[in-house]
Undergrad: 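A single structure is presented below for examination.
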Amino acid sequence: MFDPISPHEKDISDLFIFVLILGGVVFSLVSGLLIYALITGRRRSRQQGLPPQVSGNTKLEFAWTAAPAALLIALFIPTVMVMNSSDPAKPANANAAADVVIIGHQWWWEYQYPKQGVITANELHLPVQPADNSNGLLIHLKSADVQHDFWVPALSRKIDIYPDKDNYLYFKPTTVTPQGQPLVGACAEYCGAQHAWMRINVIVQSQADFDSWIASQKVPQAKTTATNSAQGDPVRGEQVFLNNTCINCHAISGTTANSNIAPNLTHLGSRATLGTGIIENTPPNLKRWITDPNAIKPGLRMPGYSLSQQDLNDLVAYLEEQK
Ligand SMILES: [Cu+2]
């Protein structure tokens, strides 16, 4: 949050630094006076006994009521201003106007782009926003199960996500993230066993890069081409996928698999990591994931599969080909 990439977060960050400095001044003053009193008072009390006892000193009483009140006002006014500037009012038709729908699941994130008809998981792609007065991208947040909290410190305020309530927020990233270095965040509301591994990865792209990412996500799926069987045969792999219970939970567009209770696997091959970032997305890791996901992310809601070596090779070849 000390390195904000949006005007909304910049306001929050500036306020935080202001409060930190103000708090630092008060802390230094109080602890400085305390230490001074301890040292000089101890010396004096050895010579003169207790100091004169006063109570009901109107000037003192007034001073230590007025000073904190003034401090609180100095904190309150900028806080209210930043609450407004960092979280602009939403339009009445926020549901229809939303650019991205974010759905929290135990323990992964679903990202829908309703305007473009794209659904993905675990990597949030956003187009960079112009540094003008616009509010940015309207985000609709909800939960599929328990309460979560979406927080990417460089991007925006924290926002709770509820199963029975819709929340809205504007994201306005004005800087592109470097290749391979997404903005990171995490679920900030304890939501069960893998709460700590409910990571958020945000990739901010130039409008052109974002458009071509959207275009690639919209093409149903790369045409599977049979390769030599040692590397796995994606055509057979698709059948392995469709013939197993994977389709009870996962969707891959262009196939009959359309369940959305687990991450959408269309274009899984284009994602850098698996399980919100717990391991890199490589063929050996994907094999480990399918065989025993619980060993990687204990408690997660996916069973392990003991497939034959050939089935596993083919399945992984198929999934990794979906770029
Ligand atoms: Cu969570």
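Keep in mind it's a predicted model, so treat the numbers as computed, not measured. Atoms within each ligand, like the ligands themselves, are counted from 1 in listed order.
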Undergrad: Identify, with sequence neighbours excluded, every residue that meets side-chain contact (heavy atoms from CB on, under 4.5 Å) alongside T245.
TA: N248, Y305
Undergrad: Applying side chain to side chain contact (heavy atoms under 4.5 Å, CB included) between I278 and each of I296, T273, N285, L300, report the one that passes.
TA: I296
Undergrad: Does D311 pair with R236 as a salt bridge, N-O distance under 4.0 Å?
TA: yes
Undergrad: Please determine if D132 and K172 form a salt bridge, counting it only when a charged side-chain N lies under 4.0 Å from a carboxylate O.
TA: yes
Undergrad: Could you count the protein N, O or S atoms found under 2.8 Å away from the Cu ion (ligand 1)?
TA: 4
Undergrad: Any pair with a residue in residues 100-122 that passes side-chain hydrogen bond (donor to acceptor under 3.5 Å, both in side chains), sequence neighbours left out, goes on the list, sorted by first then second residue, please.
TA: D99-K115, H105-E110, Q106-R301, E110-Q112, T120-R271
Undergrad: Can you name the side-chain contact (heavy atoms from CB on, under 4.5 Å) partners of K10, sequence neighbours left out?
TA: P4, D14
